[in-house]
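Before any comments, here is the structure.
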Protein chains: 2
Amino acid sequence: MPLAERQLIASIRCAAKLRSSALVTGIGDDCAVLRVPRGHETLVTTDFSLEGIHFRREWHPAESVGHRCLTRGLSDIAAMGGQPLAAFLSLALPNDLDQSWADEFLKGLLALARRHKLPLAGGDIAQSPAGVLADITVLGSVPKGRAVLRSTARPGDLIYVTGALGASAAVVEALYAGLQLDRSKLDAHFYPQPQIAIGRYLRERKLATAMIDISDGLSTDLSHICEESRVGGVINETAIPIAKLTSPKVQLRHALHGGDDYQLLFTARPKTKVPRRIAGVAITPIGEITRSRNLTVKSADGTKRQLTSQGWQHFQQNPND
Amino acid sequence: MPLAERQLIASIRCAAKLRSSALVTGIGDDCAVLRVPRGHETLVTTDFSLEGIHFRREWHPAESVGHRCLTRGLSDIAAMGGQPLAAFLSLALPNDLDQSWADEFLKGLLALARRHKLPLAGGDIAQSPAGVLADITVLGSVPKGRAVLRSTARPGDLIYVTGALGASAAVVEALYAGLQLDRSKLDAHFYPQPQIAIGRYLRERKLATAMIDISDGLSTDLSHICEESRVGGVINETAIPIAKLTSPKVQLRHALHGGDDYQLLFTARPKTKVPRRIAGVAITPIGEITRSRNLTVKSADGTKRQLTSQGWQHFQQNPND
């Protein structure tokens, strides 16, 4: 093992020392050993963060890349109403990378982990053939049979989103356009927060019938819920909470199709009382689930048009193309 | 999401349909939901398989790459004495890759999964910035407090290995040298079998005091056991079971330092009766754990020399260099 890898493992092992009742054996054995609370099921999610695809080193500070890497996994746990238990990081670094980049990456990842009392319990370190390659695995838990799925939305359910949408896509577009940005005001893109507390709240009070996180964009993620639940949906265009930034300006199309917002999209029975705010974050009804399996958007003037899922293309090509 | 990714996900979802009592919800939601047997702890391991580092497309058939990818994870579960429960595959493919390559990769991975009744329960699919990038996560289970660790070897324990060593490293050296090889006779490198049954046997009968899988090479993996257990060890050079191949010829240095054999290295109290074969595989005593924290090799003539860990360099550079 090259010295750089040894150093990295040593620093991860040191930094990852966080007391956790769930973690029996962490880094330093063939596997981590975890104890899932009695009567709970185990949640598992894995997500890549690949240079050139999910981030660019010239655009994203290493600390932001580390933070976003873990957010991707935590957001999936949030979308099931789960409690995160442990994270596992597979990290491949190119030979010519500064040690300080790896340190800052870990700093960003571990700061977010600490906020959620999440131990970094293992992973893999390798040399990368090209660019920084990360894959995050997060384990979580949820009481048996209580995970909030995508497949359980019912006709008549109202559709809700947490927070505001579109900021991340607007920032990416601005980065492509070469605009000067004040990154310190753009946490929605560089340091998005996974909505763990909201997911838990909705699950504990049985408010949500189905849930997903908005990582691929509202249009795509709503289509996932509708496909899995074999239903359709109609969205009120004017109801969509569009993120407010001074620069760049966020537009409706960013909120409809832009990914990486890490807000939650959920459905609830029409009679269910859903709070207007949960954990300090606004909750907005934006539409309704329909028996007819179409996805449509209703404009201010009442006209309806088809809602086409526009998959989020990350950074491999200009989204304006 | 590009069409190729959709096709791949559809084919994974179809191929991965395997009944499993552990899997509550598989591919198609934000997380997989697993049920770990009552009274058991959860094992987690993640391992990269990166083109140019862990394999080369010109050397390794896609089916072998898929098989070896999963072997890496299963072998870690074996080394804890665990039972594998589910696998998660993060797979990034370059745009210009033939669909048939991905199909063959999955075929190799899923054939090994079926042999171990292991569902492919989730993962991530992405476009790769360069080359094929895979990261496998395997979850397993072990009765509470019964995982066989690296850190519990004691002075006086005997050191054992399963099977024979060095074949994989000898094959890699021959590939670098450009030798013509009959791949059908080289399963030890192209289709290594994780020793799940042996790991379980040793754990169930409480025969092993410590265990690790030989993925980095005997010298390196023994040093891991000794470091974690704060002990040393002496190996009898003549006792090491060297793999027998017609071509290429396997040498002692391959068996001592070569990785990717996926055999198990374990320790047992000197009074413990360890069978000579388990699950049809030879079990060989090769040395002894010492209180003195040195690692040494004893030659046929009784002379001792320091055993230096020679980290396994995979394919990023010629191991002969």
Side-chain angles (χ1 to χ4, degrees), chain A residues 1-2 24-25 28-36 38 41-48 50-54 75-77 79-80 82 86 88-90 92 121-124 126-131 133 135 137-140 142 144-145 147 149-151 211-213 216 220 228 311 314 316, chain B residues 1-2 24-25 28-36 38 41-48 50-54 75-77 79-80 82 86 88-90 92 121-124 126-131 133 135 137 139-140 142 144-145 147 149-151 211-213 216 220 228 311-312 314 316:
Chain A
M1 188 190 303
V24 182
T25 302
D29 218 304
D30 295 272
C31 296
V33 185
L34 289 172
R35 212 164 276 169
V36 175
R38 185 190 291 231
E41 289 169 335
T42 306
L43 304 173
V44 189
T45 176
T46 80
D47 290 278
F48 270 133
L50 306 176
E51 183 174 348
I53 306 289
H54 302 92
S75 185
D76 284 325
I77 300 289
M80 309 295 283
F88 299 81
L89 173 67
S90 291
D124 194 14
Q127 191 194 319
S128 166
L133 313 170
D135 189 38
T137 298
V138 181
L139 260 73
V142 72
K144 195 172 163 181
L149 306 179
R150 296 178 180 177
S151 54
M211 187 150 57
I212 192 171
D213 74 318
D216 293 329
T220 299
E228 297 294 331
H314 298 292
Q316 75 269 39
Chain B
M1 188 189 303
V24 182
T25 302
D29 218 304
D30 295 274
C31 296
V33 185
L34 288 172
R35 212 164 278 168
V36 174
R38 184 190 292 229
E41 289 169 334
T42 306
L43 304 173
V44 189
T45 175
T46 80
D47 290 279
F48 269 133
L50 306 176
E51 183 173 347
I53 305 290
H54 302 92
S75 185
D76 284 324
I77 300 289
M80 309 295 283
F88 299 81
L89 173 66
S90 290
D124 193 15
Q127 190 193 318
S128 165
L133 313 171
D135 189 37
T137 297
L139 259 74
V142 72
K144 194 172 161 179
L149 306 180
R150 296 179 180 177
S151 54
M211 186 150 59
I212 192 172
D213 74 319
D216 293 330
T220 299
E228 296 294 331
W312 179 232
H314 299 293
Q316 75 269 39

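The figures here come from the full heavy-atom set of this structure, side chains too, leaving out hydrogens, waters and symmetry mates. Here is how names work: the chains are called A, B, and so on, in the same order as the sequence lines, proteins then strands, and each is numbered from 1.
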**Fill in**
Rounding to 0.5 Å, atoms CE (M80(B)) and CG (D30(A)) come to a distance of 6.0 Å

Chain A heavy atoms under 4.5 Å from [X]: which part of the residue, side chain, backbone, both or neither?
X: F48(B); answer: both
X: T137(B); answer: side chain
X: V44(B); answer: both
X: L139(B); answer: side chain
X: L50(B); answer: side chain
X: A32(B); answer: both

**Request:** Return yes if some donor-acceptor pair links the side-chain N/O of D76(A) with the main-chain N/O of C31(B) below 3.5 Å, else return no.
**Result:** no

**Message:** For chain B, which candidate among G140(A), G122(A), G145(A), G123(A) shows the most heavy-atom pairs at distances under 4.5 Å?
**Reply:** G123(A)

**Request:** Using a cut-off of under 4.5 Å on heavy-atom pairs, state which of T45(A), T46(A), L43(A) scores highest against chain B.
**Result:** T46(A)

**Message:** Please classify the contact of V33(A) with chain B as side chain, backbone, both or neither, using a heavy-atom distance under 4.5 Å.
**Reply:** both

Name the option with the most non-hydrogen atom pairs under 4.5 Å to chain A; the candidates are [options].
options: L149(B), V142(B), L89(B), D47(B); answer: L149(B)
options: S90(B), P129(B), A86(B), G82(B); answer: S90(B)
options: T25(B), L133(B), V36(B); answer: L133(B)

**Message:** If you define the side chain from C-beta out and look only at heavy atoms, does anything of D29(B) sit under 4.5 Å from E228(A)?
**Reply:** no

**Asked** Between R150(B) and G28(A), which heavy-atom pair has the shortest distance, and what is it?
**Response** CD-O, 3.5 Å

**Message:** Please give me the minimum heavy-atom distance between E41(A) and V24(B), naming the atom from each residue.
**Reply:** OE2-CG2, 3.6 Å

